[in-house]
Amino acid sequence: MSQSFHRLLPEEAHSALVRIAALKSDGPTPVKMQAKGLTVSYSAKEAVKDVTIDVHENEVLALIGPSGCGKSTFLRVLNRMNDTIDGVTVKGSVTLDGQDIYAPNVDAVLVRRRVGMVFQRSNPFPKSIFENVAYGLRIAGIREGGLIAQRVERALRQAALWDEVKDRLTESGLSLSGGQQQRLCIARALAVEPEVLLMDEPASALDPIATAKVEDLVAELRSDLTIVIVTHNMQQAARVSQKTGFFYMGKLVEVGDTTTLFTRPKERATEDYITGRFG
Amino acid sequence: MQDVATIPREIESTRPSRSLVAKGRIVERLVEGLIKLVALVSIAAVLLILLFVGKEALPVLTSAIVQKEVTLGGMFASREGLFSWQPVSDIPKYNILPLLVGSVKVTLIALVFAVPLSVSAALYVSEMAGKRTRELLKPAIELLAGVPSVVIGFFALVVLSSWVQAAFGTEHRLNALVAGLGLAFAICPIVFSVSEDALRAVPGSYRTAATALGSSRSQTTLRVILPAAGPGIAAAIVLGFGRAIGETMIVVLASGNAALLDGSLDHSARTITATIAQELGEVVVGSPHYHVLFFLGALLFVSTFAVNFFGERMVHGMRAKLGGSR
Amino acid sequence: MISLRTLGVTAGFVVAAAACTRTESQPSPSASSSTTGAQPVAAKTAISIKGSDTMVILGQRWAETYMKENAGITIQVTGGGSGTGIAALINGSTDVCESSRPMKDKEKEDLKAKRSAEAVETKVALDALAVYVNAKSPMQEISIPQLAKIYLGETKNWKDIGGPNHAIILYGRENNSGTYGYFKEHVLVNKDFAAATQTLAGTSAVVNAVKGDEFGIGYGGIAYLEGIRALKVKKEDTSPAITPSLETAQDGTYPIGRFLYFYTAGQPEPTTKKFIGWVVSEGGQKVIGDVGYYPLPKGK
């Protein structure tokens, strides 16, 4: 994989290497996204209350917590997906590289092109495998066939799907198995080269083997981008993330290094949750 | 049996008695049978109509008396270089090509106008309009389906024809274009309604996915929702075609009914349906003219059937392609 | 409405039950009454009339006036075209057929074969078949040969007969219309209409079309002249041009005047006979002028 990577887009491969080197040095990476005093409410009900959190570059941040704790709502605020739902109000600020994405002059469409998203249920378009991945490129105005083909192949390779589908690119995306469909959706999100990838319980509908593949993927993708993953599976959070945040009743109870949070949680609620006393 | 014996008495007593169960089944069977019967009757009615039309059309192929005046070949071949439909004449002429061309021409014109219009309207209502607009607009457009075709025909005859003549300077006031436009009015509601249903049936997850990839609303609508609803919209078009080619009153009133064999839009056209409607009332039962009219009816029947059949297959093919072969 | 067919069925029972009294109660001359259905014992109170679109308004006016004067009688008038009316007469679904052309021999034979009855013809009114043009048209007169050439498709431009340089737009009636038949026989000498002739359902549709079409030409009953003009008609190119009117129609100088007819299958039963008698009497003929046609010449 890295070979063709090199051949196709050497400068990007180079920057990836630089970033990996930075990871290895174990130094803190710069803040990619930041939420400050974030409160989200549906009509009158507050789903997320006064959350402040930093998302660092090239890190995987896992968000855990019981159902309805606001972690998914929080995730959707990060790329303004909540805009499409009526009656949602957002207070506080969310920045991407220091720029407020809720500023009045910001186009939500452009935010979403930089902050991609993968959903709990795989949702490929009823189009061919190739066209599913090419979709984001086409709507971004890329017309050149050769470039699109290169990007599609790279995204499918990144999502570890290329070998399985390279001979059937013209078949419908819906003809794939559940796990393959989810990786197709990841490839589709990756094709537009987002800087941040939001994943909303991406493996919850998959069998264990498919889940393992997605987890491997998350670990690998970290070298290229920043990932925020919502999961109700604590083992998964422990396996894939560097930082973990625990949400409870709309509040961010605790956030810290994954190892620390799971071994020496500061808060009682966190400890109760990770030891399985509720949730 | 042995197991039953071990069950305590009080539990046994809560069971419905045997006779009640049997009674319920009889009622159920009766209702089921009745529904089946009604369904069969409607199928039988269609079959009977088909049989009747077929029986009356058959002499065109079999009866020597009819064939003295008209043969199957004669219905398509030119006579002295002319393709003429002149059934009431010293030498009756039954060339049906002008009628076929008339029907197809008028129907295609109707589709050319109605399909883009109704599909756009469906897109607007299902994707862009607010809830209140949608709740107002959809029933309103569907209400148009209740406008009797004779009213549309009269409107086309009196108003539309003048507009078309003023706008395009057509030589003939009544022509294929006017009739096609009138037909478009008639089929818009059905194409709209079925398309709108198809668009609304597109899963919301496609919309979410497209939005998350940075699609604008129009990109989502045109590049994801519309193609996903493609099979449904194709079905809507097939339905519209069937309605248009079978429509009678509008074309009788608005097309001018001259049996001309040409492709020109501003010439009058005579359709199969208009011919049957205008001539069947007068015709002597059992005459060659009578049988030819039934032959035309059978032809119409067969062609709508064929279009529906192949349309359905096409829709299935599209669905399979979109949804994977599994 | 009681159709003759139902009457026939009822009468079948009546005949069987009261065969002995039948000859007395009904002085019908035809020996065929056993198959056409005998007259009901009670006097008929409903008359159905069907046929020519040209005559439908006339028939309705007659019916209204007659029903006002004769309480208890119901007369139902429907159009559809002379051919439709004749077919209905042959099939036994109407008592009286209105026709704007004489019945053809073939149709009379069919009637005889199906109903075992002779067609009985009554001339009821006079019509001048008018040649319609748009009010804006500069044309004033036309000869029958010119008219024939136009409708045969040989003359295609108004300028060929002294009009503006523009194509002639032909309007006509559908082929079940008596007007169609009359025009074809008397103007086209039984040749076929040009394929480009637009056939419309009903004279009023033709009038409407010509009203909206500066270069259109049409034909139909004189009663329908509204918003359009009727041309003067010359029998030959050299003959005098005659305006369609009561006098010219009655004295036969207008070349395409025609009679309008009632037909019945055999001699009508008393109720219908009385009605037809009234139609040709002064009372009935008085109504014709209101509708726009002409009464029969006196003493005819």
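Just the heavy atoms: all of them, side chains too, but no hydrogens, waters or symmetry mates, feed the values below. So that the names make sense, note that chain A is the first sequence line, chain B the second, and so on, each numbered from 1.
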For this session: Would you kindly check if the NZ (Lys) or CZ (Arg) of A:R80 is within the cone defined by 45 degrees around the ring axis of A:Y102 and under 6.0 Å from the six-membered ring centre?
Result: yes
Problem set entry | Interface residues of residues 197-211 of chain B facing chain A - non-hydrogen atoms under 4.5 Å apart | B:S205, B:Y206, B:T208, B:A209, B:A210, B:T211
For this session: Please step through salt bridge (charged side-chain N to carboxylate O under 4.0 Å, His left out) for the pair A:E164 and A:R183, ending with a clear verdict.
Result: CA-CA 11 Å; A:E164 291 163 61; A:R183 278 181 284 142; 2.9 Å; yes
Exercise. Just by modelled atom types, is the A:N58 backbone N or O under 3.5 Å from a matching donor or acceptor in the A:R222 side chain?
Worked result: yes
Exercise. Hey, which of A:M117, A:E131, A:R76, A:K127 has the most heavy atom pairs under 4.5 Å with chain B?
Worked result: A:K127
Exercise. Taking everything shown except B:E312 itself, do over 12 heavy atoms lie less than 6.0 Å from its CD?
Worked result: no
Exercise. Any donor-acceptor pair under 3.5 Å linking the side chain of A:T231 with the backbone of A:Q236?
Worked result: no
Exercise. Under a 4.5 Å heavy-atom cut-off, does chain B meet the side chain of A:P124, its backbone, both or neither?
Worked result: backbone
Exercise. On the ring face of A:F125, is A:R188 found with NZ or CZ under 6.0 Å from the centre and within 45° of the axis?
Worked result: yes
Exercise. Aromatic ring centroids of B:F185 and B:F113 under 6.0 Å?
Worked result: no
